[in-house]
Structures are given as C-alpha cells and as structure tokens.
Trainee: 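Please find one structure pasted underneath; my questions will follow.
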Amino acid sequence: MTIEKQKIPTGALILIGVVVGISHLQEGIMAIFVFKNNEPISSWIFMISGPLSTLPATIAAYFNKRIGGWWLILSGIVSLGFFFYLAEDRTNMTFILINVLPMLLLGFGFLKLPEYQSETGTQQGR
C-alpha cells in the first residue's frame with residue numbers, strides 16, 4: 001500500500017481544518033449559549049458565518065477544494081466585517097488571530113492545492 005505524495009498535503013490540510021473546525025465549533029456553541037433573549041441578528045450572522053462554518057467548509061473542501069476554499073475565505077471576510085461592526089474594542093486582535101486568520105489561511109491553502117491525476121487518468125480534486 002503506497003500513499004501518493006500528491007495526496008499528503010491535501011490530507012494534512014483537511015486534518016488541520018478538522019481540528020480548527022472542532023475548536024471553532026466548541027467556541028461558537030459556548031457563545032450561543034450565553035446569548036441574551038434579545039440578541040441582535042447580526043450576532044447570529046457573525047457566529048454562523050465565522051466559527052460555526054469552519055468545520056462544514058472543511059468537509060466541503062474534502063469533496064471540492066474550490067467550494068470549500070472560497071467558503072472559508074468568504075465566511076472569514078464576513079465574520080471579520082461583523083467583528084468590526086459589533087465589537088466595542090476594535091483593537092482586540094484575539095478574535096482575528098484565533099478565528100479569522102485560520103479560516104483565511106485554510107481557504108487559500110485549499111485553493112492553492114494542485115489538482116492531480118488518478119490512476120485512471122481522470123482529474124481529481126481531493
């Protein structure tokens with residue numbers, strides 16, 4: 001049993017994405033449980049577009065790197081926009097370093113992974 005060298009970066013990036021996605025999912029669920037009764041819709045969009053979408057986007061990238069990569073990039077940008085809209089202290093870079101930066105790096109990583117040819121000669125994306 002041999003592992004094609006072309007599949008190793010994809011597998012490593014998927015593994016990193018799953019670990020980051022589980023971490024973001026735990027953080028997002030904890031944040032949702034402390035939401036107040038009259039929490040604005042922008043807070044919900046902020047959580048769903050950011051930390052709660054990392055794991056589903058990584059799973060989507062397993063099947064199609066372009067869709068998963070763009071999903072991560074766009075959700076990171078939307079989450080960053082809502083962060084600046086909602087945050088009272090915009091100088092706090094913790095959220096950006098923990099949530100947005102990994103999403104953007106994973107997204108660009110999935111987009112930069114090369115396509116490879118399988119043994120049957122068909123082009124594969126994962």
Side-chain angles (χ1 to χ4, degrees):
M1 183 169 128
T2 62
I3 298 175
E4 296 178 31
K5 290 182 181 179
Q6 298 165 333
K7 292 183 180 180
I8 292 174
T10 304
L13 200 56
I14 294 286
L15 180 64
I16 292 168
V18 167
V19 170
V20 170
I22 290 171
S23 170
H24 284 181
L25 182 65
Q26 289 174 339
E27 178 186 332
I29 289 173
M30 286 189 299
I32 286 174
F33 278 116
V34 297
F35 277 1
K36 298 177 268 270
N37 284 342
N38 296 328
E39 195 71 33
I41 190 71
S42 55
S43 296
W44 287 95
I45 294 171
F46 171 66
M47 290 309 298
I48 292 170
S49 70
L52 293 178
S53 73
T54 306
L55 188 59
T58 300
I59 293 169
Y62 175 76
F63 297 103
N64 189 325
K65 291 186 288 191
R66 290 181 53 92
I67 291 174
W70 281 113
W71 182 351
L72 284 162
I73 292 169
L74 293 175
S75 63
I77 292 169
V78 168
S79 183
L80 183 63
F82 275 101
F83 168 74
F84 285 120
Y85 175 73
L86 294 171
E88 295 171 5
D89 180 17
R90 292 185 175 97
T91 60
N92 184 1
M93 293 302 192
T94 306
F95 175 80
I96 295 171
L97 293 175
I98 293 175
N99 293 305
V100 176
L101 186 62
M103 291 172 71
L104 292 175
L105 291 176
L106 282 168
F108 285 122
F110 283 123
L111 291 179
K112 292 296 180 183
L113 285 175
E115 303 287 331
Y116 64 90
Q117 297 286 329
S118 68
E119 289 119 17
T120 61
T122 59
Q123 197 168 22
Q124 301 284 321
R126 51 172 206 207

Trainee: Do other residues, nucleotides or ligands put more than 12 heavy atoms under 6.0 Å from Tyr85 OH?
Mentor: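 No, the 6.0 Å shell around OH holds no more than 12 heavy atoms from other groups.
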Trainee: To check you understand the geometry: which heavy-atom pair defines the closest contact between Gly109 and Leu13, and what is its length?
Mentor: C-CD2, 3.4 Å
Trainee: Are Val100 and Met30 joined in one hydrophobic group, where the rule is that I, L, V, M, F, W and Y side chains link up if heavy atoms are under 4.5 Å apart?
Mentor: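 Per the 4.5 Å side-chain linkage, Val100 and Met30 are not co-clustered.
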Trainee: Drop me the distance from Lys65's NZ to Ile14's CD1, to the nearest 0.5 angstrom.
Mentor: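 Spacing of NZ (Lys65) from CD1 (Ile14) equals 9.0 Å.
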Trainee: Could you report the tightest heavy-atom contact between Ile96 and Pro102, atom names first, then the distance?
Mentor: O-CD, 4.3 Å
Trainee: Mind checking whether Leu55 and Ile32 sit in one hydrophobic cluster, side chains of I, L, V, M, F, W, Y counted as touching below 4.5 Å?
Mentor: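 Leu55 clusters together with Ile32.
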Trainee: Find the distance between CD1 (Ile73) and CG (Leu104) and round it off to the nearest 0.5 Å.
Mentor: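 Ile73 atom CD1 to Leu104 atom CG measures 7.0 Å (nearest 0.5 Å).
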Trainee: For the hydrophobic clusters of this structure (ILVMFWY residues joined by side-chain heavy atoms under 4.5 Å, transitively), does one cluster hold both Ile29 and Val20?
Mentor: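 Yes; tracing contacts between hydrophobic side chains, which count when under 4.5 Å, links both residues.
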Trainee: Strictly by ring-ring contact (aromatic ring centres under 6.0 Å, His included), give each pair with a member in residues 92-113 just once, sequence neighbours left out.
Mentor: Phe46-Phe95, Phe83-Phe95
Trainee: side-chain hydrogen bond (donor to acceptor under 3.5 Å, both in side chains): which pairs involve residues 72-84, sequence neighbours left out?
Mentor: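 Listed by first then second residue: Ser53-Ser75.
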Trainee: Got a sec, which pairs hit side-chain hydrogen bond (donor to acceptor under 3.5 Å, both in side chains) with one end in residues 102-114, sequence neighbours left out?
Mentor: none
Trainee: For Ile67, check side-chain contact (heavy atoms from CB on, under 4.5 Å) against everything at least two apart and list the hits.
Mentor: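 Result, side-chain contact (heavy atoms from CB on, under 4.5 Å) vs Ile67: Asn64.
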Trainee: Enumerate the residue pairs fulfilling side-chain hydrogen bond (donor to acceptor under 3.5 Å, both in side chains) with a member in residues 16-29, sequence neighbours excluded, ordered by first and then second residue.
Mentor: His24-Thr54, His24-Asn99, Glu27-Asn99
Trainee: Can you list, by chain and residue number, the hydrophobic cluster partners of Trp71 when the side-chain cut-off is 4.5 Å?
Mentor: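 Besides Trp71, the cluster holds no residue at all.
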Trainee: So do the side chains of Tyr62 and Thr10 get within less than 4.5 Å of each other, counting heavy atoms only?
Mentor: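 Not in contact.
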Trainee: So, do Pro51 and Leu25 sit near enough that their side-chain heavy atoms are less than 4.5 Å apart?
Mentor: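 Answer no - side chains too far apart.
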Trainee: Measuring from Met47:CE to Leu52:CG, what's the distance to the nearest 0.5 Å?
Mentor: 5.0 Å
Trainee: In the single-linkage hydrophobic clustering (I, L, V, M, F, W, Y; side-chain heavy atoms under 4.5 Å), do Leu101 and Phe84 co-cluster?
Mentor: no
Trainee: Mind listing the closest non-hydrogen atom pair of Gly17 and Leu106 along with its distance?
Mentor: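 Nearest pair, atom of Gly17 first, then Leu106: CA-CD1, 3.7 Å.
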Trainee: Test of understanding: clusters of I, L, V, M, F, W, Y form through side-chain heavy atoms closer than 4.5 Å, transitively. Do Ile16 and Ile22 belong to the same one?
Mentor: yes
